[in-house]
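Computed from heavy atoms alone, side chains included, the values below leave out hydrogens, waters and symmetry copies.
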Amino acid sequence: MGDIQQFLPMLLIFVVAYFFMIRPQMKRAKDEKKFAADLKRGDRIITKSGLHGKVMDINDKDNSCVIETMAGKLKFDRSAISLEMSRKLNAPVEKK
């Protein structure tokens, strides 16, 4: 019984680290992957670098998409598109 009590604090630290650090990070990565896979033509997006645009074409072969901006068309990797910022951009505006 004494041996188990010695390892209990260490085990508790691993359990807490899993539920507060590892699991949320895995869920976020899964959500970002699903978001990138669900992109379609006409979606308004924001890249992680802050570029606003609209998806014009999607290439599944090299996992990229063409984005139309006010400066022209640019080709980006799907992983460069920000999930959080794109959701905020497309969220309905609340009226007061």
By salt bridge (charged side-chain N to carboxylate O under 4.0 Å, His left out), Lys30 pairs with (sequence neighbours left out) none
Cluster membership besides Ile13, Ile/Leu/Val/Met/Phe/Trp/Tyr side chains within less than 4.5 angstrom, sorted by chain and number, is none
Residues at least two apart in sequence or cross-chain that pass side-chain contact (heavy atoms from CB on, under 4.5 Å) with Lys48, listed by chain then number, are Glu32, Ser82
Test item: Arg41 side-chain N/O and Met56 main-chain N/O as donor-acceptor pair under 3.5 Å: yes
Members sharing Leu51's hydrophobic cluster, built from side-chain contacts under 4.5 Å between Ile, Leu, Val, Met, Phe, Trp and Tyr, are Phe35, Leu39, Ile45, Val55, Ile58, Ile67, Leu74, Phe76, Ile81, Leu83
Sorted by chain and residue number, the side-chain hydrogen bond (donor to acceptor under 3.5 Å, both in side chains) partners of Lys61 (sequence neighbours excluded) come out as none
- Task: Report the C-alpha distance between Asp60 and Arg78 in whole Å, list the side-chain angles of each, state the deciding distance to 0.1 Å, and finish with yes or no for side-chain contact (heavy atoms from CB on, under 4.5 Å).
- Result: CA-CA 10 Å; Asp60 289 328; Arg78 287 190 201 180; 2.4 Å; yes
Hits for salt bridge (charged side-chain N to carboxylate O under 4.0 Å, His left out) against Glu68, two or more places apart or cross-chain, chain-then-number order -> none
Residues passing the side-chain hydrogen bond (donor to acceptor under 3.5 Å, both in side chains) test with Ser64, sequence neighbours excluded, are Asp62
For Phe20, the side-chain contact (heavy atoms from CB on, under 4.5 Å) test, sequence neighbours excluded, returns Val16
Do Ile22 and Phe19 belong together in a cluster built from hydrophobic side chains that touch within less than 4.5 Å?
-> yes
Using a 4.5 Å side-chain heavy-atom cut-off and chaining through intermediate ILVMFWY residues, the residues clustered with Leu89 come out as Ile46, Met85
Those residues at least two apart in sequence (or on a different chain) that pass side-chain hydrogen bond (donor to acceptor under 3.5 Å, both in side chains) with Asp77 are Ser79
Sequence neighbours excluded, the answer for side-chain hydrogen bond (donor to acceptor under 3.5 Å, both in side chains) partners of Lys88 is none
Would you say that Arg28 contacts Lys33 through its side chain, given a criterion of any heavy-atom pair below 4.5 Å between the two side chains?
no
On a heavy-atom basis, the closest approach of Gly50 and His52 is O-CD2, 3.2 Å
The salt bridge (charged side-chain N to carboxylate O under 4.0 Å, His left out) partners of Lys27 (sequence neighbours excluded) come to Asp31
